[in-house]
Amino acid sequence: MGVHFTVSVRAFFAAGVVFPLSLLIAGECDNCTFTMSEPDIWSDGFEISLLVSTEYQSTAVDMTVLNDPAVVRPLEVSDSFDELVGGEPEATDIITADFAEDSVRVSMVLDPPRDRRFPAGDQVEFWTIFYGYQSAFNSTTLTFADSGGAPPITNYLEIDGSLRPCCTEAHAITPRLPTPFLRGDANESGAVTPADAAYLCEYLAGNNTPSCLSACDANGDDAIDTSDPLYLLDYFWRLEPAPPPPFPEVLWPPREDTLGCATYDPQAVAVPGTFSLSLGEVTGPNVTLPITMTASQDVQGFVLSLSPDPDKFMITNLRLADSLLHGGGDSGSFSACWPSLGFVSYCEGLVNGATIPAGNDILIAEVEVEATAFPPCGQTERVEVAFNVNPCANGLENSIIVDQRDVTTSTGLSLLNGSIDIPGQCETLHIVPATAEPGFSEVDVRIELENQRPIEGYTLAVTHEAGVELDSITLEGTSAVNVPAEFVESHIYPEGGTLSVVFEMGRTLPGGARLRLAVFRYGYDRFDCEGDLTVDSRTFELNFADQILGSPPVSNRLLQGGIETLAHMIDGSVTFLCGLHPPHFLIGALNQDQEVVCAYHSEPGRIKATLFYTSGEPIQGLSAALRYPPGLRVLDVGDDGRGVVSDRHLESTETDNINAAFRYFNASNERGELVIGLVAEGGPDLTRIYPPTPPESPKALLHVFFELPESGDQRREYPLTFFDGVLGAGDVPIYNRAAISNQSRPVVTRDGCLTVNAPFKRGDANDDGTINLADAIALLTFLFQGRPLTCLRACDCNGDGILNIADPICLLAYLFGNGEPPAEPFEECGHPDEPTDLTCEIFTNCGGE
């Protein structure tokens, strides 16, 4: 037997060496044969197993199979190692499979053997190969390769350390293609419908014999049991996953199918008899419509599908008749074709007598309908309720199941539509349009009800347009607030709000009145008027909206007589008007363009700062609070910090003009805090007010005088800052507020400053940005007619610190007589170094105030 070859052969084989035939030890051919199993043929190819028949155990097997690449091609190989050896391969074992278009070479080697052996026996299965079709064929042959190639290819076993070539057999493959079918089409009607579930129930009860078992395996688990009809019903009623292939087309069976299909010959079979489905006729806004059936044979099930008219009514429920429920059944609705309903006679448990006996006008289902539109009160409108004539989801349509077959409109089923007489709706919900006061950012919108009968509760759902916000929902100020409630719940969403109210048992809101049910408060950012108050507005639609807000969604309903009822709904709106210019506080001085700028010298060493206001509405009173930097001192205050208001504080102010009832200021120069209080109204008539004034025309309220620090820079700018919560010389925090219409309103503040000797250009007496004849004329009118100028230092053309006739002559000589130019600062804005009593309160053309 060539034992002396054992070690070297195994070692070389483990290393992947292919031995030429001259090194192999011949053995008895009839004791070692390679064959192939009968193929399992599928739609995409076939499987075949490589078998060994031998009387000896082996430690290595090598096989090579050739094929015609024009006909088939090897695609997949699996081994039976664990079944042959009884466990997983070890790291030193070798399992290889080499593919080519025309061949497969496979090897198994136990190395070292460790007393493990591949078993001996008749047709032991080592490998399974799956071949895919390359083209249509009638037959082909697979052949074990015994020679050829370089080095030569052979088929052998290793037996007791010797390599034994084995006899081989070619295998002819003749296609036995399986019967194609449609999974789930148990009754071979050409379509999968609930009737197939009835057919499967009858088959499981032993009442029929299908010719294609594979088609009856609806869930594809390679078995037929009660799960298959239930799988179909779940697919139809609940939109569960569709049956696995072959579905929805007729195709070859999958490779794992073992049930088989002797024949599959789908054809529609007419069911003799008379069959109809009818919808009834009812009256009311919230009704139950009967669905009846007439059938001349017993019925195993049915499918119903209705077609609602959303502009007229909605279907809230579709249910089986109570008479069908005691016998079991499987029914449900599917959202892709709601409202739809199906019923198939009870299958699990195989209860006998679960069919519906033949008869006329048999009640099989009921549909609950609610009107969505109503005619005027006192009138009635007839609306048709129709069967859906188009197939629903999954191809379903109205049908009756008789003798395990579908009876549809195309095979003799009559569909008789019904109707609803909708009475005029006299209960009416109103969203009462509301308009906010001018400038107000909130407004209350009332929800009211006109009703003829008492109500025990209600639900409201209102949506609004984008831009407006729903701030709150309340019962305050409504008719409902006086009735004890068992349940009150409201919710606010970005797009609207809901309210649910249920009164205590026996308590109601009366009928025959216009009742206020809720108050919805809406908000919108305040905006100033730009034109006509009646034109400058923002309006937003408010709508009753069913089944949109909430989880679960809420609808607008009334509870009357223990039943939810609909009401006619009239939508509304909310409008916001522009607001008048809000009050502003400003501090500083007024320039010739009526602009508030920094305050300047009023007299040597002192600066007058004026508190101004603007407002679109009259002001009854106000408080102002400011901070100023250390070093500055507020004048005209006593030791306690209280200010003494005199004529110079009120000169040319609105406070003096209206003879305000209360004029007050105080200051703490240590802390740098100033507070001012003014009240216009006083006396029994309360007629005095600070009048409205537009932004371009600020009015003075009070003058406050500051003293500059002795060591202060004569060119320095000192800030004056509005600041809420300042104490001044007192103990109570003061805030910047205005009293308007008996309400405290916040104000818009603009800080100011004190500036000593503003920068200027000498010679520009009229502060218009140029030096020309007009400046000389302005200076002459100042000297001889007393016309005021805001920057006297700019008028001092010769820079001698005195204003007299020499200065206009200086300007005229420069302009027309080739005289010297004005003294500096002349080319650029600046401050002269020489001391002078001349002031420059305002000079705007140096970018300053």
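Worth saying up front: this structure is predicted, and the values here are computed from it rather than measured. Computation of the quantities below employed the complete heavy-atom set of this structure, encompassing side-chain atoms and omitting hydrogens, waters and symmetry-equivalent molecules.
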* To do: Evaluate the ring pair (Phe, Tyr, Trp, His ring centres under 6.0 Å) criterion for residues Phe723 and Tyr628: first the C-alpha distance (whole Å), next the side-chain angles of each, then the deciding distance (0.1 Å), finally the verdict.
  => CA-CA 10 Å; Phe723 197 91; Tyr628 53 93; over 10 Å; no
* Asked: Taking it one step at a time, do Thr498 and His491 satisfy side chain to side chain donor-acceptor pair (under 3.5 Å)?
  -> CA-CA 5 Å; Thr498 63; His491 294 280; 5.4 Å; no
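Side chain of Asn556 to main chain of Ala461: a donor-acceptor pair is present (N/O by atom type, distance under 3.5 Å, no hydrogens or angles). Looking at Asn766, its side chain never comes within 3.5 Å of a backbone N or O of Ala778 through a donor-acceptor pair. Using modelled atom types, one side-chain atom of Asp764 and one backbone atom of Gly769 make a donor-acceptor pair closer than 3.5 Å.
Under the 3.5 Å distance criterion, with hydrogens and angles disregarded, a donor-acceptor pair is assigned to the side chains of His581 and Thr614. In this structure, a donor-acceptor pair under 3.5 Å is present between the side chains of His430 and Glu450. Side chains of Ser555 and Gln547: a donor-acceptor N/O pair is present below 3.5 angstrom, by distance only.
Cation-pi geometry between Arg750 and Phe585 is not met: the NZ or CZ atom fails to fall both under 6.0 Å from the ring centre and inside 45° of the normal.
Taking the six-membered ring wherever Trp is involved, the centroid distance between the rings of His584 and Tyr613 does not fall below 6.0 Å.
Classification of the Phe665-His649 ring pair by plane angle, with boundaries at 30° and 60°, yields tilted. Between Tyr664 and Phe662, the two ring planes are parallel [angle under 30°; tilted spans 30° to 60°]. Classification of the Tyr524-Phe527 ring pair by plane angle, with boundaries at 30° and 60°, yields perpendicular.
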